[in-house]
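Lettering follows sequence order; numbering is per chain, from 1. Quick caveat, the model's predicted, so the values are computed rather than measured.
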2 protein chains.
Amino acid sequence: MPRPTIYDVAAAAGVATSTVSRAFSSPNRVNARTREHIFAVAADLGYRPNPHARALLSGRHHTVAMVVSDITNPHYFELIRGAELRAKASEYTLVLVNAEESPRVEYDQIQRLVPSVDGFVLGASRLPDENLVQIAGQRPVVLMSRELPGLPSVVLEHTQGCHQIVEHLASLGHRHLIYLAGPRNSWMAATRWSALRTAAEELGLRAERIGPFTPKASHGAAAADSAIRAGATAIVAHNDLLAIGVMRRLKQRSVQVPQEVSVVGFDNIFAADLCTPGLTTLGGAHADVGRVAIEILLQATGPQQPTGTSPQVALPTELVMRESTGPCA
Amino acid sequence: MPRPTIYDVAAAAGVATSTVSRAFSSPNRVNARTREHIFAVAADLGYRPNPHARALLSGRHHTVAMVVSDITNPHYFELIRGAELRAKASEYTLVLVNAEESPRVEYDQIQRLVPSVDGFVLGASRLPDENLVQIAGQRPVVLMSRELPGLPSVVLEHTQGCHQIVEHLASLGHRHLIYLAGPRNSWMAATRWSALRTAAEELGLRAERIGPFTPKASHGAAAADSAIRAGATAIVAHNDLLAIGVMRRLKQRSVQVPQEVSVVGFDNIFAADLCTPGLTTLGGAHADVGRVAIEILLQATGPQQPTGTSPQVALPTELVMRESTGPCA
DNA sequence: GAACGGACAGCAAGGGGTTGCCATCAGGTT
DNA sequence: AACCTGATGGCAACCCCTTGCTGTCCGTTC
């Protein structure tokens with residue numbers, strides 16, 4: 001017993017297939033009584049429209065893809081969760097793709113999915129601008145943790161946030177901070193560094209950048225060693241994972257945090273609250289980033305013509321102070 | 001300029017559409033020279049087959065869905081990662097669905113996806129057996145962290161693992177353990193309890209179960225209070241999140257871990273290594289669970305007839321000892 | 001040299017819906 | 001009574017690709 005089709009429903013209800021189709025896709029084009037009758041018959045038969053047949057003609061798949069630069073980063077869990085929830089609320093299917101920090105993989109996967117999805121949400125895309133523009137020409141795209149003029153995006157307000165970090169460090173007496181940079185092709189890394197440097201200048205601190213580092217805990221050891229060698233009293237790591245890796249290494253080398261060195265991270269992942277000492281970090285409502293990104297995307301894939309506007313949303317950040325930062329030695 | 005179709009390719013190459021189609025889907029049905037020519041023209045035009053049209057007829061979508069009971073649980077990240085990687089390796093698309101701990105949501109989402117995916121991987125499904133059997137009748141299904149005769153599954157070897165836990169506790173002099181149970185409809189919770197109880201009996205410990213508890217850190221406080229009231233010297237929590245929540249509460253109540261109470265978790269999530277004291281927990285290669293599950297699923301969705309066998313894979317566990325367990329007071 | 005068989009390409013019928021256009025009909029106008 | 005209008009439902013083409021069947025061509029075989 002294969003799935004019933006509109007033909008079965010039409011036959012059972014004694015109407016034409018087009019009427020059945022319309023009853024589902026544009027209910028007000030069909031008389032209320034007929035419609036109810038069709039619905040009843042359909043429910044009886046257990047009919048469900050075949051999304052592929054529908055997509056074939058309409059070109060709309062009720063599916064969006066979320067591409068993340070590295071799925072192993074816990075920071076994304078929140079984004080994914082927010083996105084999944086929002087997509088589900090609109091009965092959209094969420095396809096998840098891991099770019100494994102490789103622009104190549106990212107691009108290939110996106111191209112593979114172009115025919116099957118209505119749009120893309122890209123998390124911290126490592127692709128060059130021109131690729132993003134090209135993809136945006138094929139399907140609606142919303143960027144997360146990245147901005148590009150002309151494309152909609154959702155980010156956390158990092159300029160502001162970085163300023164808070166530097167202020168926090170300055171008020172603790174630090175005169176010199178070291179930023180452990182993220183991947184070379186990370187927009188976020190560039191933005192953070194630029195914001196940190198500006199804020200540092202403004203507040204009379206010396207800012208230095210080391211890196212790039214792969215933002216994983218395992219790469220924290222090398223980062224920590226470099227930072228110590230550079231004579232850091234305050235380390236701002238590209239993200240919490242790196243910061244946690246740094247702190248581990250510092251403990252190993254018997255460098256006291258925060259007495260000798262202060263450490264700050266980004267993202268406020270679950271683990272930041274659990275490590276010892278607790279990690280001071282710049283957090284924010286990451287689930288909202290995912291949620292809003294999907295929301296904008298659904299707007300863009302909607303039936304109404306694209307408005308031409310590309311909202312660039314910046315959600316507030318919050319400096320979560322824990323024990324990894326303290327007065328400068 | 002819409003995407004080129006086989007018609008465009010056929011016209012440009014001077015052959016029939018069917019020949020183009022066959023050149024792609026069954027290359028040896030077409031002369032090598034013709035084929036090469038078609039490929040050249042197709043590449044030139046930037047042709048890519050439309051997966052929906054293909055799926056419409058063939059019924060194969062090159063897509064599998066992964067449904068997890070609660071996406072916010074870090075334990076799943078590994079599963080998801082392993083699954084995503086494996087799916088990508090076979091050029092399958094992975095759809096991610098969060099059941100939010102609700103059997104209702106789980107079932108509805110699955111039914112919604114039935115027409116669009118080739119199969120399901122269900123992580124810690126909360127559905128009753130009969131639902132699973134029914135779904136398995138519609139599409140191939142592979143269970144993770146759950147077993148059901150007749151359905152393929154991938155789990156960690158928990159019986160063995162639980163035995164290790166109890167042995168560990170027994171060797172530390174504990175005579176009484178309390179299991180903080182997971183959700184009522186969790187197969188895993190039932191299995192762990194049964195394994196713990198058996199092992200406890202064997203080793204002469206008294207085992208007691210409290211719960212069920214929602215396995216999140218935020219529910220650890222209540223669990224901790226119950227456990228203390230029951231006079232626990234050793235607590236085995238349903239998962240690491242709950243264990244971490246318990247330890248937080250114990251610290252709050254100035255109950256020393258492990259001096260007064262030992263705590264053990266399950267899953268060995270990233271945070272287990274970071275909390276203080278480090279959490280003793282039963283780990284395993286979770287990414288492999290996801291990987292193997294997808295592998296079995298792809299096997300089952302493959303062209304060859306289902307073999308009728310339903311592999312029940314059990315991957316080894318590993319008791320990771322940290323500082324949260326110690327000699328009984 | 002006729003009959004035969006294999007390799008290959010094309011025709012056309014779907015697969016499950018959507019939708020532009022037309023036919024019908026009831027109700028309202030003048 | 002003739003005419004118009006809007007609401008409603010049906011016909012059939014179309015979306016893009018797959019595949020069973022047919023026809024052609026050419027090399028074999030007896």
Side-chain angles (χ1 to χ4, degrees), chain A residues 1-39 41-42 45-63 91 112-118 138 303, chain B residues 1-39 41-42 45-63 111-118 138 303:
Chain A
M1 44 169 184
R3 298 174 65 81
T5 71
I6 47 168
Y7 293 93
D8 303 319
V9 177
V15 297
T17 59
S18 50
T19 308
V20 177
S21 172
R22 270 193 277 264
F24 284 96
S25 48
S26 43
N28 44 354
R29 262 294 266 113
V30 70
N31 187 299
R33 270 238 301 290
T34 327
R35 195 196 321 145
E36 289 314 320
H37 177 218
I38 290 174
F39 285 169
V41 170
L45 262 56
Y47 167 77
R48 280 162 170 271
N50 179 325
H52 291 285
R54 185 173 278 196
L56 187 53
L57 190 49
S58 67
R60 319 223 34 253
H61 311 79
H62 252 242
T63 299
E91 300 202 295
R112 197 173 71 75
L113 287 173
V114 162
S116 345
V117 304
D118 293 330
Q138 304 181 77
Chain B
M1 45 171 182
R3 300 174 64 82
T5 72
I6 48 169
Y7 291 94
D8 303 317
V9 177
V15 297
T17 60
S18 50
T19 309
V20 178
S21 171
R22 268 192 279 263
F24 283 98
S25 48
S26 44
N28 45 354
R29 267 287 273 116
V30 70
N31 187 298
R33 271 238 299 292
T34 328
R35 195 197 320 145
E36 290 314 319
H37 177 217
I38 290 173
F39 284 169
V41 171
L45 263 55
Y47 167 77
R48 280 160 169 273
N50 179 325
H52 291 286
R54 186 172 276 196
L56 185 54
L57 194 48
S58 68
R60 321 222 32 251
H61 311 78
H62 252 243
T63 300
Q111 287 308 320
R112 196 173 71 76
L113 286 173
V114 160
S116 342
V117 304
D118 294 331
Q138 305 180 74

**Q** Starting from C1' on C:dA9, measure out to CZ on B:F24 and report it in whole angstrom.
**A** 16 Å
**Q** Quick one, A:D8 and A:T5 - any side-chain contact, counting heavy atoms below 4.5 Å?
**A** yes
**Q** For the side chain of B:N31, counting heavy atoms from C-beta on, which of C:dC21, D:dC16, C:dC8 is nearest?
**A** C:dC8
**Q** Which pair of non-hydrogen atoms, one from B:H61 and one from B:P115, has the smallest distance, and what is that distance?
**A** NE2-O, 3.0 Å
**Q** Can you tell me if B:S21 touches the phosphate of D:dC17, counting only side-chain N or O atoms and a distance under 4.0 Å to OP1 or OP2?
**A** no
**Q** Any base atoms under 4.0 Å from A:S26, or only sugar-phosphate, or nothing? Heavy atoms, all strands.
**A** nothing
**Q** Ignoring the backbone of A:A53, work out which of C:dG10, D:dC16, C:dG17 is nearest its side chain.
**A** C:dG17
**Q** Would you mind reading off the distance between B:H61 atom NE2 and D:dC16 atom P, rounded to a whole angstrom?
**A** 18 Å
**Q** Apply the test side-chain contact (heavy atoms from CB on, under 4.5 Å) to residues A:V114 and A:S116: give CA-CA distance (whole Å), side-chain angles for both, the deciding distance (0.1 Å), then the verdict.
**A** CA-CA 6 Å; A:V114 162; A:S116 345; over 6 Å; no
**Q** Among the nucleotides D:dC17, D:dG9, C:dG17, which one has an atom lying closest to any side-chain atom of B:L57?
**A** D:dC17
**Q** Quick one: on DNA chain C, does B:N28 or B:R54 contact a more 5' nucleotide (nearest heavy atom)?
**A** B:N28
**Q** Please report the closest heavy-atom contact between B:H62 and B:D118, naming both atoms and the distance.
**A** N-OD2, 2.7 Å
**Q** Expressed in angstrom and rounded to an integer, what is the separation of B:R22 atom CZ from C:dC8 atom P?
**A** 12 Å
**Q** Is A:R48 touching bases, backbone alone, or none of the nucleic acid, heavy atoms closer than 4.0 Å?
**A** sugar-phosphate
**Q** Please name the pair of heavy atoms, one in B:R48 and one in A:R112, separated by the smallest distance, quoted to 0.1 Å.
**A** NH1-CA, 3.9 Å
**Q** Whole-Å distance between D:dC17 P and B:R60 CZ?
**A** 18 Å
**Q** Would one find a side-chain N or O of B:T19 under 4.0 angstrom from OP1 or OP2 of C:dA9?
**A** no
**Q** Just the rounded figure in Å: distance from C1' of C:dC11 to CZ of B:R29.
**A** 13 Å
**Q** Would you indicate, yes or no, if D:dT8 has its OP1 or OP2 atom less than 4.0 angstrom from a side-chain nitrogen or oxygen of A:T34?
**A** no
**Q** Students often get this wrong, so: under 4.0 angstrom with heavy atoms, is A:S18 touching a base, only sugar-phosphate, or nothing?
**A** base
**Q** Please work out if B:V15 contacts a base, only the sugar-phosphate, or nothing of the nucleic acid, heavy-atom cut-off 4.0 Å.
**A** sugar-phosphate
**Q** Give a yes/no on whether any side-chain N or O of B:Y7 is located under 4.0 angstrom from OP1 or OP2 of D:dT18.
**A** no
**Q** Between atom NE2 in B:H62 and atom P in D:dT18, what is the gap in whole Å?
**A** 12 Å
**Q** Just call it for A:T5: base, sugar-phosphate, or nothing, with non-hydrogen atoms closer than 4.0 Å on any strand.
**A** sugar-phosphate
**Q** In a table with atom names and distances, give each donor-acceptor pair under 3.5 Å that connects a side chain of residues 9-24 of chain B to protein atoms at least two apart or in another chain.
**A**
none

**Q** Just the rounded figure in Å: distance from C1' of D:dC14 to CG of A:L56.
**A** 9 Å
**Q** Taking atom P of C:dC8 as reference, at what distance in whole Å does atom CD1 of B:I38 sit?
**A** 13 Å
